[in-house]
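What follows is one structure encoded as structure tokens, with my remarks underneath.
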Amino acid sequence: MEGPALTLLKEEAHAFIGKKIVEASGSSKVDWDTLAGQQLRQLQSWGKHFLLVLDNCTIRIHYLMFGNYYLNSRHPDKTPKLSLQFNDGSEWNNYNCAVRILPETDMSRLYDFSTDIMDESWNAAKAKAKLKNHPGMQVCDALMNQDIFAGVGNVIKNEALFRIAVQPESLVGALPPRKLTELLREAHTYSYDFYRWRKEGVLRKKYCVHQRKYCPTCDTLLVKKPTGELQRNSFYCPVDQVLYT
DNA sequence: TGCCATGTTAAACT
DNA sequence: GAGTTTAACATGGC
């Protein structure tokens, strides 16, 4: 689940803020007893980390690849990793995710929110400075690097690179200044498009290259291959996307 | 129907 | 002990 999906969850779950947890349970290894009785103070996210700030600790949820959640309902037969019951009878169930309790409620002490692509304080200049420190890094790895672009995942990587016509194995240090600027801008812009399209339920339909077969502009057969140190699949047009090395 | 994939962590190994 | 590789998690969609 990429960053923009968590921004959406923050909105969907907004009504839970202020409610008191009466019971917490699930198959995660968590000290459940400490959670009951606490009030949900805030919902925050950093990159792909979802944060439920309580009175004296914070629940951190990472939905990994296949995680999902049910608000005020539950999966018919699966056991939640984390199930929260609230004082008004509402419930929040989370599946296939990694759950941890952070002994801290001030998230600004743990996270630099200006590296989060979806945060209002997102700082492109800071990301640019980090990129300058890694001239030999491939752009596919740079975009997936959570210390530089927190929240960007494989879909955003592939789609943003298509938009700026850059081949995923291009080296950060070889990008012309204009392309570097486009990279920073499009990582941000595409993330918001991702958010909007997911909200409208049309995200998959909007993919230009990710999990696609042919280039939407020139009809060339797209290349699908694992790239970079991370070896995550890249989808790109061998004609339209330029390799800078 | 079998296989791949929106991701990360921790154990196992060198 | 540091650095690197592998396993684990677990399921909807093509």
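Chain letters run A, B, ... following the sequence lines, proteins first, then strands; residues in each count from 1. Hydrogens, waters and symmetry mates play no part in the numbers below; they use all other heavy atoms, side chains included.
Close placement of the Tyr95(A) and Tyr70(A) rings is indicated, their centers lying within 6.0 Å of each other.
Listed by chain and residue number, Glu91(A) satisfy the salt bridge (charged side-chain N to carboxylate O under 4.0 Å, His left out) test with Arg74(A) (two or more places apart in sequence, or in another chain). The salt bridge (charged side-chain N to carboxylate O under 4.0 Å, His left out) search around Arg163(A) returns Glu186(A), Asp193(A), not counting sequence neighbours.
Within the structure, every side-chain polar atom (N or O) of Asn233(A) is placed at least 4.0 Å from both OP1 and OP2 of dC4(B). When the side-chain nitrogen and oxygen atoms of Arg204(A) are compared with OP1 and OP2 of dT6(B), none of them lie within a distance under 4.0 Å. When the side-chain nitrogen and oxygen atoms of Arg232(A) are compared with OP1 and OP2 of dG7(B), one or more of them lie within a distance under 4.0 Å. Taking only side-chain nitrogens and oxygens, His62(A) never comes nearer than 4.0 Å to OP1 or OP2 of dT9(B). Contact annotation: Lys224(A) side-chain N/O to dA5(B) OP1/OP2 distance is under 4.0 Å.
Sequence order on DNA chain B of the closest nucleotides to Val152(A) and Arg100(A) puts Val152(A) first from the 5' end. For the pair Arg60(A) and Ala5(A), nearest-nucleotide mapping onto DNA chain B gives the more 5' position to Ala5(A).
As judged by a 4.0 angstrom heavy-atom cut-off over every strand, Lys213(A) is placed among residues making no nucleic acid contact. Residue contacts for Asn68(A): at a heavy-atom cut-off of 4.0 Å it reaches no nucleic acid atom on any strand shown.
Counting to the nearest Å, the P atom of dG7(B) and the NZ atom of Lys157(A) are 9 Å from each other. Spacing between atom OH of Tyr207(A) and atom C1' of dT6(B) amounts to 6 Å, rounded to whole angstrom units. Atom-to-atom, CG of Asn154(A) to P of dT8(B) comes out at 10 Å; the value is rounded to the nearest Å.
dT8(B) sits 22 Å from dG13(C) when the C1' atoms are compared, rounded to a whole Å. dA11(B) and dA10(C) have their P atoms separated by 16 Å, given to the nearest Å. A gap of 15 Å separates the C1' atoms of dT11(C) and dT1(B), to the nearest Å. The same atom, P, is picked in dC4(B) and in dA7(C); the two are 16 Å apart, to the nearest Å.
Taking only side-chain atoms of Lys48(A), from C-beta outward, the nucleotide of dA5(B), dG7(B), dT6(B) with the closest atom is dG7(B).
Secondary-structure annotation of DNA chain C gives the stems B:2-5 with C:11-14, B:7-14 with C:2-9, with a stem taken as at least 3 successive Watson-Crick or G-U pairs whose two distances both fall under 3.5 Å.
Note: His188(A) and Tyr192(A) have tilted aromatic rings, judged against thresholds of 30 and 60 degrees for the angle between ring planes.
Here the straight-line distance linking atom CD of Glu2(A) with atom CD1 of Ile117(A) works out to 11.0 Å at 0.5 Å rounding.
Although no hydrogens or angles enter the test, the distance criterion places no donor-acceptor pair under 3.5 Å between the side chain of Glu169(A) and the main chain of Gln138(A). Judged by distance alone, with hydrogens and angles left aside, the side-chain atoms of Asn87(A) form a donor-acceptor pair with the main-chain N or O of Lys20(A) at under 3.5 Å.
Taking a 4.5 Å side-chain heavy-atom cut-off between Ile, Leu, Val, Met, Phe, Trp and Tyr, the cluster of Tyr214(A) extends to Leu221(A).
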Exercise answer: donor-acceptor pairs, residues 21-28 of chain A side-chain atoms, under 3.5 Å, sequence neighbours excluded:
from, atom 1, to, atom 2, distance (Å)
Ser27(A), OG, Pro80(A), O, 3.4
Ser28(A), OG, Lys81(A), O, 2.8

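Contact footprint of chain A on DNA chain C: nucleotides with an atom under 4.0 Å from a non-hydrogen protein atom, first to last in 5' to 3' order, dC9(C) to dC14(C).
Environment of CZ in Arg100(A): sparse, with no more than 12 heavy atoms of neighbouring residues, nucleotides or ligands closer than 6.0 Å.
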